[in-house]
Amino acid sequence: MVTQVIGIDLGGTAIKLGRFTSEGTCLKSLTVDTPQPATPEAVIEAIVDAVAKIDPEGQAVAIGVGTPGPADATGRIAKIAINLPQWRNVFLADILEAKIGKPTIIDNDANCAGLGEAWLGGGRFYENFILLTLGTGVGGAIFLDGKLFTGSFGAAGELGLIGLIPDGPQCKSGNQGSLEQHTSIIAIRRRTGKEPAELGALAEKGDAQALTFWQEYGKHLGIGVTSLIYVLTPEAVVIGGGVSASFEFFLPSMKAEIERRVMPTSRVNLQIIRAELGNAAGMLGAAKLAFEKIVKG
């Protein structure tokens, strides 16, 4: 029998689940609304119900979960989820194991998206790359020598929370003027009163105001990425998340800013590419996490 696992991408508005083979083939997928308010108890109940629907015969041998915030280094505890209420040190893996009866491991959702892109997406050609997920917030993942880097305590790679403009908008992380506060969907809404998809459609039609917005957006993103390039000198920067739908409109100014600010010795053959897996990256990467950490041991 083909070994199967379940990958779960837990978001603030939706929970995406998939049952995958070890080759990354999705046998069945399901998306359910995240309960509101998204308390740990309500979310866990929704996950348990969804797993029963996606794996009615219990064929999956393990579960991987991506959560919107850092996990502990052992992949057991959801330390915090900035956009979910009451999520502080939730023993998510233990609780799901007790309720579902399958070994479970968790990690940050952007790390899972990175694992997905490294496995079957835009990062598969690179040993050293960073992923930025431009969504409701801004997440990140770091790959060094082909391996996901999470640091001593499991919380490394919160790339969206780096400082960008010192006196910018307050961030829920406690930082002020973070990259997230200038490049997330929430930041775009605050600044323009429009959705990213709307601004992308306007830019497609040649709307001057929308094109100017994306040019300025790319500049901010380029400035933020500059700091990351100097520290990590990656082979590639992979851009994912919902905002990446307008990649073509902000890429030129982003690249120009990086080329202006980063010494050539720190950006040799640097590639800036769009992520390939779309909304499936998180659950695919969570499945990869389960295969790597549980099935292979």
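Being a predicted model, the structure only gives us computed values, none of them experimental. When reading the values below, keep in mind they use all heavy atoms of this one structure, side chains included, and skip hydrogens, waters and symmetry mates.
Gln271 contributes a side-chain N or O that, together with a main-chain N or O of Asn269, makes up a donor-acceptor pair within less than 3.5 Å. In terms of modelled atom types and a separation under 3.5 Å, the side chain of Arg274 and the main chain of Ser244 share a donor-acceptor contact. The closest donor-acceptor contact from the side chain of Ser246 to the backbone of Phe249 lies at 3.5 Å or more, if one exists at all. Between the side chain of Thr192 and the main chain of Ile188, a donor-acceptor pair closer than 3.5 Å is present. Looking only at distances, a side-chain donor or acceptor of Gln176 sits under 3.5 Å from a matching main-chain atom of Gly168.
Shown here for Val238 and Phe129, the closest heavy-atom pair between the two residues is CG2-CD1, 3.7 Å. Contact detail for Ile6 and Ala60: the closest heavy-atom pair is CG1-CB, 3.6 Å. The shortest heavy-atom contact between Val262 and Tyr230 is CA-OH, 3.2 Å. Closest approach of Thr104 to Ala93, counting heavy atoms only: O-CB, 3.6 Å. The shortest non-hydrogen separation linking Thr31 to Ala14 is CG2-CB, 4.0 Å. When all heavy atoms of Ser266 and Ile229 are compared, the pair lying nearest together is O-CG2, 3.3 Å.
The aromatic rings of Tyr217 and Phe213 sit tilted relative to each other, their planes meeting at an angle between 30° and 60°. Taking the six-membered ring for Trp and thresholds of 30 and 60 degrees, Phe291 and Trp119 have ring planes more than 60 degrees apart, a perpendicular arrangement.
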With side-chain contact (heavy atoms from CB on, under 4.5 Å) as the test, would you mind laying out the steps for Met254 and Ile239 before giving the verdict? CA-CA 11 Å; Met254 179 186 177; Ile239 304 294; 3.9 Å; yes

side-chain contact (heavy atoms from CB on, under 4.5 Å) assessment of Ile44 paired with Leu96: CA-CA 7 Å; Ile44 288 165; Leu96 290 177; 4.1 Å; yes

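For the 3.5 Å distance criterion, the side chains of Asn175 and Ser173 fail to qualify, holding no donor opposite an acceptor. With no hydrogens or angles considered, a side-chain donor-acceptor pair links Lys79 and Asn89 at under 3.5 Å.
For the pairing with Ile54, the side-chain contact (heavy atoms from CB on, under 4.5 Å) check across Leu17, Asp49, Leu27, Val32 returns one residue only, Leu17.
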